[in-house]
Colleague: 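What follows is a structure written as structure tokens; I'll ask about it next.
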Amino acid sequence: MPTSGRTRIKDLLDVERLDNVSNPVAVNGWVKTVRSSGGVSFVQINDGSSLADLQIVVDASCPDYALVGNLTTGCSLTVFGVLQESLGRGQKYEVVASSLEMLGGADPEEYPLQKKRHTLEFLRELAHLRPRTNTFGAVARVRNAMAFGIHQFFQQRGFLYIQTPIITASDAEGAGAMFRATTLDLDNLPTQAGHVDNDADFFGRPAFLTVSGQLEAEIFAQAMSDVYTFGPTFRAENSNTSRHLAEFWMVEPEVAFCDLDGLAQLAEDFLRGIFAHVLETCPEDMAFFNRFYDKELIATLEDIANSDFERMTYTEAVRLLEESGESFEFPVRWGADLQSEHERYLTERKVGRPVIVTDYPSAIKAFYMRLNDDGETVRAMDVLVPRIGEIIGGSQREERLDVLQRRMVEAGLDDAPYWWYLDLRRYGTTPHAGFGLGFERTVQFATGMQNIRDIIAFPRTPRSAEF
RNA sequence: UCCCCUGUAGCUCAGCGGUAGAGCGGGCGGCUGUUAACCGCUAGGUCGCAGGUUCGAAUCCUGCCAGGGGAGCCA
């Protein structure tokens, strides 16, 4: 019987509420492993509520004892029994079953998950079953806690959560290649004068999946002052790395009456806050990642949560790299973007903790970033962290209409589609700033997981969109 | 998109010119409290795909496909 009134394993094993002990309980879960020894069997189950499994003891006194022979890894169960202190050594408490029902079997000759460790590459092919493993259960819980912590951080500071569109007609948001969203029949494209007739498309114009909610967030910042988005974004780049996804979630705060210094402080408070949050709310899962994936993980996160970030300008960063005596594969030159190896040297070896680099050359940054008085650099910032590199990119936005228009011309952009963006500078413009944080990269950093495809439930990467 | 590495049993891998292997998992049996339980027996393979070299190819060569690592692009 699928039970209402069941107790989650997490609550059952919660030492604070051990009024459960010696009382009848109902639990559900999926079988991890079954061990039988003479007249006693041990069935280890997990329901996803915590990393810890629950051991069910079934002996001949249980009327359903004969059922145990049919239980295999992966099948689902309802158990009625009594929680007791365990006689064995591997766990403090266990449930002695008084009755047992298998809800769904899992043919052991076919069920692909075994009660031993699998490689992450193999599990990636089983995205529908991998949440049942320790690692992916832990990732799901940590990801959930961090999403909640992000909302909590902004809500406590009075930020308004806004939802920006996923489909956009702006074809140059300035952040990479876009996916086209169309209802046109690709096998029979309507044409007009030898070109695709976009007027026949759903929106009467080309439309795309958004690469960023920034421009729309700026609209609301120019009315509500402090806003943030948290939603999916899409990049059609042919990126094949452990840090890139074609579909990923991004957090983008946008703040009016704020300059780059204020934004850098917000970014630092934000990262320190969410890492502290995950350490506090997921100690069991974090201990798991620390043990199996990165022995320095908890120490690193605690260090970040408790110490100030380093700040330097791009020009200072270039000087430090030039003076480092390191032999880099790519030369260091003022005016060229920092390479991965440069960023990692700065954050991992030079400083040893997160670094905020500001004021990049205007030529290598987007048109909407505010031009400095030197005419050569813009008020951009990247937050670099060890192992991942860039985790946040942001800037103070250009609020001066004439400068913005000049920058758009220099970038070769037609300003007509941006009439509304320019209007924000025409009517009550303000100094404002915002950044974008890759959510998966942040969870990746917090868990010590090596590959971003293991951070999102159903990863989309080039040539890969199963599930 | 570029560079490098890897595709052998359900999984993890060994074998690297001469009869296809191990551990785990599965099946059967045993075991009175187990902890990825343990012990015994057992089934299981177009060696990624296509071509080539050779008396003979999992093994050497070429192409393609897939996976991984790194780079670029970025978050």
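Below, read A as the first sequence line, B as the second, and so on, with proteins coming before strands; counting in each chain starts at 1.
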Colleague: When the C1' atoms of B:U12 and B:C2 are considered, how many whole Å apart are they?
Modeller: 31 Å
Colleague: Quick one: are A:Y418 and A:F367 in side-chain contact, heavy atoms under 4.5 Å?
Modeller: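 They are in side-chain contact.
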Colleague: For B:A37 and A:T33 - does any side-chain N or O of the residue sit under 4.0 Å from the phosphate oxygens OP1/OP2?
Modeller: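 For B:A37, OP1 or OP2 has a side-chain N or O of A:T33 closer than 4.0 Å.
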Colleague: Taking B:A20 as the reference, what is the distance to B:U62 when you measure between their P atoms (whole Å, please)?
Modeller: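 Rounded to whole Å, the distance is 26 Å.
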Colleague: Determine the interatomic distance between C1' on B:C49 and the same-named atom on B:U6; round to the nearest Å.
Modeller: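 Here B:C49 and B:U6 have their C1' atoms 16 Å from each other.
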Colleague: Measure the distance from CG on A:L113 to P on B:U12 and round it to the nearest whole Å.
Modeller: 12 Å
Colleague: Answer yes or no: is there an ion pair linking A:R370 with A:D359, defined by an N-O contact shorter than 4.0 Å?
Modeller: no
Colleague: Partner of B:C38 by Watson-Crick or G-U wobble geometry, both contacts under 3.5 Å, or none?
Modeller: B:G30
Colleague: Select base, sugar-phosphate, or nothing to describe what A:S41 touches, counting heavy atoms under 4.0 Å on all strands.
Modeller: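 Answer is nothing: A:S41 stays at 4.0 Å or more from every strand.
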Colleague: Would you say A:R35 places a side-chain N or O within less than 4.0 Å of OP1 or OP2 belonging to B:A37?
Modeller: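 A:R35 to B:A37 OP1/OP2: side-chain N or O found under 4.0 Å.
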Colleague: Hey, does A:Q114 reach any base, or is it just sugar-phosphate, or nothing, if we go heavy atoms under 4.0 Å?
Modeller: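 Answer is base: heavy atoms of A:Q114 come under 4.0 Å of a base.
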Colleague: Is A:E252 touching bases, backbone alone, or none of the nucleic acid, heavy atoms closer than 4.0 Å?
Modeller: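 No contact.
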Colleague: For the P atoms, the ones on B:G68 and on B:C31, what distance do you get once it is rounded to whole angstrom?
Modeller: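 Approximately 47 Å lies between the P atom of B:G68 and that of B:C31.
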Colleague: Check the orientation of A:Y345 and A:F328. Use parallel for under 30°, tilted for 30 to 60°, and perpendicular for over 60°.
Modeller: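 It falls in the perpendicular class, over 60°.
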Colleague: Could you tell me which nucleotide pairs with B:C74 by Watson-Crick or G-U wobble geometry, both distances under 3.5 Å, or answer none if nothing does?
Modeller: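 Because no pair has both required distances under 3.5 Å, B:C74 counts as unpaired.
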Colleague: Distance check, C1' atoms only: B:U32 and B:A37, in whole angstrom units.
Modeller: 14 Å
Colleague: Show the nearest heavy-atom pair for residues A:D454 and A:F136, with the distance to one decimal.
Modeller: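 Closest pair (atom of A:D454, atom of A:F136, distance): O-CE2, 3.5 Å.
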Colleague: Students often get this wrong, so: under 4.0 angstrom with heavy atoms, is A:Q339 touching a base, only sugar-phosphate, or nothing?
Modeller: sugar-phosphate
Colleague: What does A:F248 touch in the nucleic acid at a heavy-atom separation under 4.0 angstrom: a base, only the sugar-phosphate, or nothing?
Modeller: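 Touches a base.
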Colleague: Would A:F230 and A:F439 count as a close aromatic pair, with their ring centres under 6.0 Å?
Modeller: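 Under 6.0 Å, so yes.
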Colleague: If I pick the P atom on B:C47 and the same atom on B:U34, what distance separates them, to the nearest angstrom?
Modeller: 44 Å
Colleague: Please determine if a side-chain N or O atom of A:K32 lies less than 4.0 Å away from the OP1 or OP2 oxygen of B:U35.
Modeller: no
Colleague: Which base, if any, makes a Watson-Crick or G-U wobble pair with B:G67, both distances under 3.5 Å?
Modeller: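 The base-pairing partner of B:G67, which may sit in any strand shown, is B:C5.
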Colleague: What are the residues of residues 440-463 of chain A, sorted by number, that bring a heavy atom to within less than 4.0 Å of RNA chain B?
Modeller: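 Heavy-atom contacts with RNA chain B come from A:R441, A:N451, A:R453, A:R463.
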Colleague: Applying the Watson-Crick and G-U wobble criteria at under 3.5 Å, what pairs with B:G21? Answer none if nothing qualifies.
Modeller: B:C13
Colleague: What distance, rounded to whole Å, do you find between the two C1' atoms, one in B:G17 and one in B:C55?
Modeller: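 Roughly 12 Å separates the two C1' atoms.
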Colleague: Considering every strand and a 4.0 Å limit on heavy-atom distances, what is the contact class for A:T233: base, sugar-phosphate, or nothing?
Modeller: nothing
Colleague: Scan A:R89 against the nucleic acid and name what it touches under 4.0 Å (heavy atoms): base, sugar-phosphate only, or nothing.
Modeller: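 Since a base atom lies under 4.0 Å of A:R89, the category is base.
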Colleague: Considering every strand shown, what is the Watson-Crick or G-U wobble mate of B:A50 when both distances are under 3.5 Å?
Modeller: B:U62
Colleague: Just call it for A:E329: base, sugar-phosphate, or nothing, with non-hydrogen atoms closer than 4.0 Å on any strand.
Modeller: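 Here A:E329 touches no strand at all.
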Colleague: May I ask you to say what A:H244 touches in the nucleic acid, namely base, sugar-phosphate or nothing, with a heavy-atom cut-off under 4.0 Å?
Modeller: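 Here A:H244 touches the bases of the nucleic acid.
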Colleague: Inspect the contact between A:E390 and A:R441 and indicate whether a charged nitrogen and a carboxylate oxygen are less than 4.0 angstrom apart.
Modeller: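 Salt bridge: no.
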Colleague: Between A:Q396 and A:D259, is any side-chain donor less than 3.5 angstrom from a side-chain acceptor?
Modeller: no
Colleague: A:T119 side chain N/O closer than 4.0 Å to the phosphate oxygens (OP1, OP2) of B:U12?
Modeller: yes
Colleague: Just to be sure I understand the rule, does A:P108 reach a base, reach only the sugar-phosphate, or reach nothing, if contact means heavy atoms closer than 4.0 Å?
Modeller: sugar-phosphate
Colleague: Describe the nucleic acid contact of A:S239 in one word from base, sugar-phosphate, nothing, applying a heavy-atom distance below 4.0 Å.
Modeller: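 It contacts base atoms.
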Colleague: Any salt bridge between A:D47 and A:R8, counting N to O under 4.0 Å?
Modeller: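 No.
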Colleague: May I ask you to check if A:R157 and A:F153 form a cation-pi contact, with NZ or CZ under 6.0 angstrom from the six-membered ring centre and within 45° of the axis?
Modeller: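 Because its charged atom sits under 6.0 Å from the ring centre and within 45° of the axis, A:R157 does stack over A:F153.
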Colleague: Rounding to an integer number of angstrom, what distance separates B:C13 and B:G51 when you compare their C1' atoms?
Modeller: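 Between the two C1' atoms, the distance is 29 Å.
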